[in-house]
Amino acid sequence: GSGQTALTSEAAQSGFPDWSADGSKIAYATSETGGIEIYSMNADGSGKQRLTGDGGPDFSPAWSPDGKQIVFTSLRDGERRIYVMNADGSGQEKLTGFYSDWADWSPDGVRIVFMRREEATSGAATNSAAPEFIAGQPVDARRFFAHSEAAEESDSNLYTIRPDGSDMRPFTESPRKKEARPNWGP
C-alpha cells in the first residue's frame, strides 16, 4: 500500500514488533548494534531506546496491557527462556528455567502464556483447545489463538505463569503436538 514509513534502519534486521495497548509505543527486536536486542520507540519512529544488552539474543517482546512491563524470550543462558522487564528495560527477571518461547499477556495482565518444549510422549491429545477457566476466571476461546501441528521429536505445550514467576500451570496438554505462538486477544 501507499503511505508506508520505515521506522527502523534498512541495514539492520528488525522484527517481532508489538504495539503497546495505548498505541503510543512499539517494542521490537533488532540487530542495529550487532547482537539481537530489544528496543522500544514511539509509534512515529522517534525516541528509540535500547532495553536489553546482555550479550545473548533477546527477541519476541510483548507489552503488558498496562504498558508497564514487557515479556520476552532470551538466549542469554544458552537456551530460550522467558524473561520480564519494566518498560524502560530495568528489573529484568527470568521467569522460566527450561526451554520456553513465544510469550504473551492475558488481557487483564494477571498471567503470561508461553510455549514450553517437553520430551516427546505417546498417546492421544488430551486438550488442544484453550481451557474454560484460568485462575478461576472464564477464558473466551474466541479471543485466544495458538499454532498447533503434529510433532515427532518433542512436544511443546502452552503454560501460564504469573509475572512474578509463580503459579505455573499447564494451559494445554497435547501429546505429539507442537503448540506455539500463543496470542491472547483483548
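Residue numbers run from 1 in the order of the sequence given. Bear in mind the structure is a predicted one, so any value in this text is a computation, not a measurement.
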Gap between atom OG of S20 and atom NZ of K25 - 0.5 Å precision: 8.0 Å
Do other residues, nucleotides or ligands put more than 12 heavy atoms under 6.0 Å from the CD atom of Q49? yes
Taking all non-hydrogen atoms of both residues into account, name the closest pair between A43 and G23 and its distance. CB-O, 3.4 Å
How far does CZ of R80 sit from OG1 of T73, to the nearest 0.5 angstrom? 7.0 Å
Given 3.5 Å as the limit, does a donor-acceptor pair link the side chain of T52 with the main chain of I38, or not? yes
Would you say V71 ends up clustered with V113 if hydrophobic residues are merged whenever their side chains have heavy atoms under 4.5 Å apart, either directly or through other cluster members? no
So does L7 get a backbone contact from the side chain of K48, meaning a donor-acceptor N/O pair under 3.5 Å? yes
D164 side-chain N/O to S166 backbone N/O, donor-acceptor pair under 3.5 Å: yes
Is there side-chain contact between N42 and S24, with at least one heavy-atom pair below 4.5 Å? no
Tell me the closest heavy-atom pair linking P163 and I112, and the distance in Å. CA-CD1, 3.9 Å
Quick check against the 3.5 Å criterion: does S14 have a side-chain atom that pairs as donor or acceptor with the backbone of T30? no
Look up atom CE in M85 and atom CD1 in I70, then write down how far apart they are to the nearest 0.5 Å. 4.5 Å
Checking K94 now: which residues fulfil salt bridge (Lys or Arg N to Asp or Glu O under 4.0 Å) with it, not counting sequence neighbours? D77
Looking at I36 and A29, what are the two nearest heavy atoms and their distance? CG2-CB, 4.0 Å
Note, R50 side chain near T33 side chain (heavy atom, < 4.5 Å): yes
With a 4.0 Å cut-off on N to O distance, would you call R111 and D167 a salt bridge? yes
Report yes or no: is the cationic atom of R116 (NZ for Lys, CZ for Arg) under 6.0 Å from the centre of the six-membered ring of F98, at an angle within 45° of the ring normal? yes
Scan F114, W105, Y83, Y39 and name whichever one has a ring-ring contact (aromatic ring centres under 6.0 Å, His included) with F72. Y83
Tell me the closest heavy-atom pair linking G67 and A87, and the distance in Å. O-CB, 3.4 Å
Can a donor-acceptor pair be found, under 3.5 Å and without considering hydrogens, that links the side chain of W63 to the backbone of D18? yes
Ring-ring centroid check Y159 F171, cutoff 6.0 Å: no
Please report the C-alpha distance between N86 and K68 in whole Å, then the side-chain angles of each, then the deciding distance to 0.1 Å, and finally whether the side-chain hydrogen bond (donor to acceptor under 3.5 Å, both in side chains) criterion is met. CA-CA 6 Å; N86 295 325; K68 294 180 180 178; over 6 Å; no
Going by the rule side chain to side chain donor-acceptor pair (under 3.5 Å), which residues pair with S74 if we only count those two or more places apart in sequence or in a different chain? D58, R76
Heavy-atom donor-acceptor pair, T96 side chain to S100 backbone, under 3.5 Å: no
Using the rule that Ile, Leu, Val, Met, Phe, Trp and Tyr join whenever any side-chain heavy atoms are under 4.5 Å apart, tell me whether Y99 and L75 fall into a single cluster. yes
So which atom in I161 and which in G165 form the shortest heavy-atom distance, rounded to 0.1 Å? CD1-O, 3.4 Å
Step through the shown structure and confirm whether more than 12 heavy atoms of other residues, nucleotides or ligands are within 6.0 Å of CG on L51. yes
Strictly distance-based, threshold 3.5 Å: is any side-chain N or O of Q13 a donor or acceptor partner for the main-chain N or O of E32? no
Which atom of P65 lies closest to which atom of P107, heavy atoms considered: CG-O, 3.3 Å
Hydrophobic cluster membership, I82 vs M168, 4.5 Å side-chain cutoff: yes
What about F59 and F16, are their ring centers closer than 6.0 Å? yes
